[in-house]
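Hydrogens, waters and symmetry mates play no part in the numbers below; they use all other heavy atoms, side chains included. Residue numbers start from 1 in every chain, and the chains themselves are labelled A, B, ... in the order their sequence lines are given, proteins ahead of strands. Given the structure is predicted, the values throughout are model-derived calculations rather than measurements.
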There are 2 protein chains.
Amino acid sequence: MTTDQTKISPEFIQNAARILKTLGHPDRIKIVEYLENGEKTVGQIHRDLELQQPIVSQHLKMMHDRDIVIFRQEGTRYFYSLANNFIIKILNCMSDVQGKLNSGEWDFDFSTTSNQKEIA
Amino acid sequence: MTTDQTKISPEFIQNAARILKTLGHPDRIKIVEYLENGEKTVGQIHRDLELQQPIVSQHLKMMHDRDIVIFRQEGTRYFYSLANNFIIKILNCMSDVQGKLNSGEWDFDFSTTSNQKEIA
DNA sequence: GTTTTATATAGTAAAACTACTATATTCAAA
DNA sequence: TTTGAATATAGTAGTTTTACTATATAAAAC
């Protein structure tokens, strides 16, 4: 029902697109989800998520450019964390969806997807 | 708090990434949002959103491949609609976020973004 | 001082996306 | 049966992403 009352503004569409696009990569989703537990160093992400270090840095750099993560430096280590609750909100949204899919409340089967919608 | 209880499954991450990435384009967000009002023909989208027809078809094809939209053909016209509530859920999530940003409840200012998180 | 450790950066080839133009296809209409 | 309307497709040049390898930096540890 958030359809007509909360019309997505043109300016926001740009931001939303950029955020969604950036979040649209398996590794980055994993990283963001991992960061929900609090700030982590590149090495922790690298080891715990089993991703190559340069790849991790690359993803983090992209996400930093797009304001998804921030970091603080301490000696030779960089501690990254989520930049905004916005990101968590989306992640939770995805989690909710997953829950409904797992519980069978929704069909995510596709190919068989039926959706008549309110066709007048 | 959907962190540890509802762990995002590896399989879902793939789907989520594909969906988010696909939604990560201004035109496609506009189209999806437009389709929330019910099914529309290519021509309607083309005219109402002021997007070139081939571009619209291109986006719709991609979104169909990624199971975001479905369509039914009637004569020479194609009626497109959203394939799953999943998509609406995400859109609503984005709308909510926008609402909070507009109301100043959150800062989306970035660059100034502060986020200490629960640093132990 | 020299060697690790922790990260960022450069460089790059292959793949995917974007935005267009031109054209084919299929119905509907005259 | 020719025309026009509604869409899909093909083709393509330019731009981003991706995924790696190699390397530069800077702080720590010896």
If you assign each of G75(A) and H25(A) to its closest nucleotide in DNA chain D, which residue comes earlier from the 5' end? H25(A)
Counting only side-chain heavy atoms from C-beta out, which of [options] sits nearest to [X]?
X: V42(B); options: dA8(D), dA19(D), dA19(C); answer: dA8(D)
X: S57(A); options: dA6(D), dA8(C), dT18(C); answer: dA8(C)
X: P54(A); options: dT21(D), dT9(D), dA19(D); answer: dT21(D)
X: Y78(A); options: dT18(D), dT7(D), dT7(C); answer: dT7(C)
X: Q58(A); options: dT18(D), dA8(C), dT7(D); answer: dT18(D)

base_contact_polar ([N] base, [X] side chain, donor-acceptor, <3.5 Å):
X: T76(A); N: dA6(C); value: yes
X: Q53(A); N: dA8(C); value: yes
X: Q52(B); N: dA19(C); value: no
X: Q73(B); N: dC27(C); value: no

Let me know the distance between [atom1] of [X] and [atom2] of [N], rounded to the nearest Å.
X: M63(A); N: dT18(D); atom1: CE; atom2: C1'; result: 14 Å
X: L60(A); N: dA6(C); atom1: CG; atom2: C1'; result: 13 Å
X: I31(A); N: dA19(D); atom1: CD1; atom2: P; result: 11 Å
X: Q14(B); N: dT18(D); atom1: CD; atom2: P; result: 13 Å
X: I29(B); N: dT18(C); atom1: CD1; atom2: C1'; result: 16 Å
X: I55(B); N: dA8(D); atom1: CD1; atom2: C1'; result: 13 Å
X: K61(B); N: dA16(C); atom1: NZ; atom2: P; result: 14 Å
X: E39(B); N: dT7(D); atom1: CD; atom2: C1'; result: 16 Å

Using a 4.0 Å heavy-atom cut-off across all strands, classify [X] as base, sugar-phosphate, or nothing.
X: Y80(B); answer: sugar-phosphate
X: H46(A); answer: nothing
X: R47(A); answer: nothing

Neighbour count >12 (heavy atoms, 6.0 Å) for atom CD, Q73(B): yes
Spacing of [atom1] belonging to [X] relative to [atom2] belonging to [Y], to within rounding of 0.5 Å:
X: D65(A); Y: L60(A); atom1: CG; atom2: CG; answer: 11.0 Å
X: D67(A); Y: I19(A); atom1: CG; atom2: CD1; answer: 7.0 Å
X: I68(A); Y: I90(A); atom1: CD1; atom2: CD1; answer: 7.5 Å

Please tell me if [X] has a side-chain N or O lying less than 4.0 Å from either OP1 or OP2 of [N].
X: H64(B); N: dA8(D); value: no
X: K21(B); N: dT18(D); value: yes
X: R77(B); N: dA28(C); value: no
X: R18(B); N: dA16(C); value: no
X: H59(B); N: dT18(C); value: no

Are I87(A) and F79(A) co-members of a hydrophobic cluster defined by side-chain heavy atoms under 4.5 Å apart? no
Is it true that the side chains of T22(A) and R66(A) contain a donor and an acceptor less than 3.5 Å apart? yes
